[in-house]
A.B. asks: 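Mind looking over this structure? Questions follow.
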Amino acid sequence: MGSLVQSVDWLAIAPPTVTAVVALAILVADLFLPEGRKPLLGWIAMAGLVLAGLSLLPLLDGDRSTFCLTGTDAGNACSYTADHFTLVIQLLVLGGALLTALLSVSAIADFKLPAGEFWFLLLSSAAGAALLPASRDLATLVVALEVASLPAFALVGLRRGDSRSSEAALKFFLSSVTATAVTLLGVSFVYAATGTLHLTQVADGLTHVDPRLAVLAKAGVALTLVGFAFKTAAAPFHFWVPDTYVGAPLPIAAYLSVIGKAVGFTGLILVTVVAFPSYSAVWAPALAVLAALTMTAGNVAALRQRPDRRHSAVRLLAWSSVGQAGYLLVPIAAAGYADDPSRAIGSTVAYALMYAAVNLGAFAVAALVARTSPAHRIADYRGLYARHPLAALALGFFLLCLAGLPPGVIGLFAKVTVFSVAVDAGLGWLAVVMALNVVIALYYYLQWTAVLFRREEPAAEAPAEPAEEAAAPAPRPRVPAPLTVAITLAAVLGVVLSGAPQTVLRFASQALL
């Protein structure tokens, strides 16, 4: 038996630890700061995220593990590992949280959200999301998943008195609790069959399961996958996404679309490729079918959005994120058919990096437009180029990246990479389904892009009432500096990634688990 005494490498756990400590510091500081000084909390939160990001630099030298079991039979069983895969996902999480923080500065003032609670919840969720890719046992994995998810419930429903926000939080909460219950049931079955929670030991234990427990082990693997499918918004477990995104504050919808997805996919990669490789015959076909259903459901629903409908812009981005989740599932399914899954996993990570940058940028421009058009309609973007030319060009670039069209080279490259991985794995039918969905997505992405450069509709012929004239928005309202920085950073990142797509794939492909 291994000893319960575990080693602790404080440098290895610095990224999630720094984020969590800053979150607690903000919660305490909120008690003492006067109302007029509350905006200072936002800058403390951003400084904490930058510091957590910088703490990744000393970890680049090599893999580090901590919370390891000791003893002759413990093997290489560690609960926390800071390898290349971990660092790439933590960089994505912390960078995405930083862009979300920049979007949130003006949203807190506009919606009169409680600043202390908001920043504490955001950083707490980011700390859980940063912990998850390093988790190497099922217990830590589930705990990290819940630390990332629980604060997000409160963030979605933080607009007090808003029934739509409360409804969104309730739907998100119920779906996530269901996912957690199913995941815990699956984990308990796996533990009963193997007698361990550490992923590497689970992988070894599943290769020689007692025949009397074989059905229990297969049920545990299947239920664990179903739980993570909820988290990734994979069909048919995606029903909570559009209403949650519409009801949440826009920066939180952006956060869920990127960081929430990264958390789910990271957990899915860890349990399939690391813990359940011997059961690839069970999970690989299941994930392939889920990928096809998810991309089709998301793109068809996005195609049906009417430009003049309230919240159509956010709903389109929500359904688009479901479709993109389907693309992200393809390489994970392909990993089950490959002798060396590193290339497939690298494709998923590269696609996730591209998606994070451009999707957060699209939400940033949506937050800008929402300042004068709170209905969030796609029709509100008509003539955006005349009002905000740089913002319109940025949004057009982001949408083309998501569509996979030049000049969004990184989007095209990511889709081609995922497509080739599916073909190499022998999943030709899935590659065909993906190609059809890419064509469907082209229509609604290009339709929205065209709206940006159309002339604004002329005013109604009837003379406007004085009150209506007074209520008309100014053509060039002042744009908050943090929002401008967020759009600029996302655009620069998208351009840089488009300029060196092969480098991105090579960087991500080193994420060998």
A.B. asks: Side chains of Y80 and T86: is there a donor and an acceptor less than 3.5 Å apart?
C.D. replies: no
A.B. asks: Using atom types as modelled and distance alone, determine if a side-chain donor or acceptor of N299 lies under 3.5 Å from a backbone N or O of M295.
C.D. replies: yes
A.B. asks: What residue among L197, D137, L138 forms side chain to side chain contact (heavy atoms under 4.5 Å, CB included) with V202?
C.D. replies: L138
A.B. asks: Please test S320 against Y445 for side chain to side chain contact (heavy atoms under 4.5 Å, CB included), starting from the C-alpha separation and ending with a verdict.
C.D. replies: CA-CA 9 Å; S320 163; Y445 283 130; 2.4 Å; yes
A.B. asks: Is a donor from one side chain sitting under 3.5 angstrom from an acceptor on the other, for T180 and E146?
C.D. replies: yes
A.B. asks: Does the pair R164/D243 count as a salt bridge with the N-to-O cut at 4.0 Å?
C.D. replies: no
A.B. asks: For S65 and D9, does a side-chain donor sit closer than 3.5 Å to a side-chain acceptor?
C.D. replies: no
A.B. asks: Donor-acceptor pairs are to be reported for all side-chain atoms of residues 183-190 against protein atoms at under 3.5 Å, with residues two or more places apart or in another chain.
C.D. replies:
{"residue": "T183", "atom": "OG1", "partner": "A179", "partner atom": "O", "Å": "2.7"}
{"residue": "S188", "atom": "OG", "partner": "L184", "partner atom": "O", "Å": "3.3"}
{"residue": "S188", "atom": "OG", "partner": "L185", "partner atom": "O", "Å": "2.6"}

A.B. asks: Between S125 and Y255, does any side-chain donor sit less than 3.5 Å from a side-chain acceptor?
C.D. replies: yes
A.B. asks: State which residues pass ring pair (Phe, Tyr, Trp, His ring centres under 6.0 Å) with F153; sequence neighbours excluded, sorted by chain then number.
C.D. replies: F172, F173
A.B. asks: Considering only distance and modelled atom types, tabulate donor-acceptor pairs under 3.5 Å from the side chains of residues 261-270, sequence neighbours left out.
C.D. replies:
{"residue": "T266", "atom": "OG1", "partner": "A262", "partner atom": "O", "Å": "2.6"}

A.B. asks: Any salt bridge between R343 and D424, counting N to O under 4.0 Å?
C.D. replies: yes
A.B. asks: Please collect all side-chain hydrogen bond (donor to acceptor under 3.5 Å, both in side chains) contacts where either partner lies in residues 208-226, sequence neighbours excluded, each pair once.
C.D. replies: D210-R212
A.B. asks: Which residues pass the ring pair (Phe, Tyr, Trp, His ring centres under 6.0 Å) test with F419, not counting sequence neighbours?
C.D. replies: none
A.B. asks: Can you list the residues that meet the ring pair (Phe, Tyr, Trp, His ring centres under 6.0 Å) rule with W119, with sequence neighbours excluded?
C.D. replies: none
